[in-house]
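In the text below, chain A, chain B and the rest are named by the order of the sequence lines, each starting its count at 1.
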There are 2 protein chains.
Amino acid sequence: MTERYLRSVRLLAQCMQGFERHSNEHVRRFDLTPPQFDIIATLGNTEGMSCKELGDKTLITKGTLTGVLNRLEEKKLLERIRSNDDRRSIFVRLTAAGQQLFETVFPQVIAEGKLLFADYDEQQFAELEQQLTRLKQRIDAKGAA
Amino acid sequence: MTERYLRSVRLLAQCMQGFERHSNEHVRRFDLTPPQFDIIATLGNTEGMSCKELGDKTLITKGTLTGVLNRLEEKKLLERIRSNDDRRSIFVRLTAAGQQLFETVFPQVIAEGKLLFADYDEQQFAELEQQLTRLKQRIDAKGAA
DNA sequence: TATTGTTATACTCTATAACTATA
DNA sequence: TATAGTTATAGAGTATAACAATA
């Protein structure tokens, strides 16, 4: 029960929770839920993509995705366009308003995080990333199995 | 927009998402939701605590907490006892069944994670923790402000 | 007056499965 | 038959505010 690695995992979880707490505060200020922001952030700076692709990237299942997209469409933040290539498929992209919101919210969430790293130099970034990359490789390898 | 630190944050998020994906699979196998497991894990190996304390530790607000506790109480996994010291307060603790579930699920979630760190030696743990501790300090300092 | 916990309300997300329309 | 997306359903979490009992 007192596994050596637990301390690492606890730290990782605490970092992540702290991050999410901060970022969700920003997100909610713009009347977005975390999943809605996830969609906006995924569509931001792209020409758009199919529901399928969007679901794969955000890990939101298709039934849920329809609901989240509906709410964002009602807010005029995105639009759905039926594809001509494959008429089963629907192309989703941000409207001008959605793009503008993305450009407003995203940098704020980013700026929030930026402060946390204010005193990091290049070497410290490199060290942190080396550790996290190693860990991520283990996780990805496991997920594939 | 291409901040240096974004790569670190993205890695951190990916690690955490991977972890949660794995751990939630275990949790759901026991018919628990993530918030429910959060409560069970917080109460595990303690004598119990007040709703107030439980809410503070899990970051679940009191209105929500009542609902989550109700569902766990219906499953006979925890019990509520009105405190005699302060009769506004309610003491929550795991039942024998709840404790047993904790002792079953928690090690499984733990074992899952343990595999990820199979090839870590003491120095690698120390390096990872040093990085995460530094980051956590920044986050906590910010949250307090 | 302030605090602990419950209740009430309204919304969102979630999983699941049946369904429509295309391919 | 298989795939893309919608609809339907039921359950669970969330924020918020009003409320009861107690301090």
Between B/Gln99 and B/Glu103, is any side-chain donor less than 3.5 angstrom from a side-chain acceptor?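 There is such a pair (donor and acceptor under 3.5 Å, judged by atom type) between the side chains of B/Gln99 and B/Glu103.
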Please report, rounded to the nearest Å, how far the [atom2] atom of [N] is from the [atom1] atom of [X].
X	N	atom1	atom2	value
B/Arg82	D/dA20	CZ	C1'	10 Å
A/Gln36	C/dT14	CD	P	11 Å
B/Met49	C/dT4	CE	P	15 Å
A/Ile81	D/dG5	CD1	P	13 Å
B/Leu59	D/dA15	CG	P	10 Å
B/Asn84	C/dT4	CG	P	17 Å
A/Lys62	D/dA8	NZ	P	16 Å
A/Glu74	C/dT12	CD	P	8 Å

Contact under 4.0 Å: [X] side-chain N or O vs [N] OP1/OP2:
X	N	answer
A/Thr33	D/dT14	no
B/Arg28	D/dA12	no
A/Thr64	C/dT12	no

Give one of base, sugar-phosphate or nothing for B/Gly67, where a contact means two heavy atoms less than 4.0 Å apart.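 Counting heavy atoms under 4.0 Å across all strands, no contact is made by B/Gly67.
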Sorted by position of nearest nucleotide on DNA chain C, 5' first, the leading residue of A/Gly63 and B/Leu65 is B/Leu65
B/Arg87 (side chain) and D/dT22 (base): donor-acceptor pair under 3.5 Å: no
Do A/Ile40 and A/Phe106 touch side chain to side chain, with heavy atoms closer than 4.5 Å? no
Are any non-hydrogen side-chain atoms of A/Leu128 and B/Arg134 less than 4.5 angstrom apart? no
Please report the interatomic distance CZ(A/Arg80) to CD1(A/Ile90), rounded to the nearest 0.5 Å. 6.5 Å
Between the CG atom in B/Asp56 and the OG1 atom in B/Thr61, the distance rounded to the nearest 0.5 Å is 11.5 Å
Side chain of [X], heavy atoms from C-beta onward: which of [options] has the nearest atom to it?
X	options	result
B/Ser89	D/dT16, C/dT4, D/dG5	C/dT4
B/Ile90	C/dT6, C/dA2, D/dT3	C/dT6
B/Arg88	D/dT6, D/dA21, D/dT16	D/dA21
A/Val68	C/dC13, C/dG5, D/dA15	C/dC13
B/Thr66	C/dT22, C/dT14, C/dG5	C/dG5
A/Pro35	D/dT16, D/dA4, C/dT14	C/dT14

Among A/Gln124, A/Glu127, A/Gln131, which one satisfies side chain to side chain donor-acceptor pair (under 3.5 Å) with B/Gln131? A/Glu127
Taking the nucleotide of DNA chain D with the closest heavy atom to each, which residue, A/Asp86 or A/Asn70, is nearer the 5' end? A/Asp86
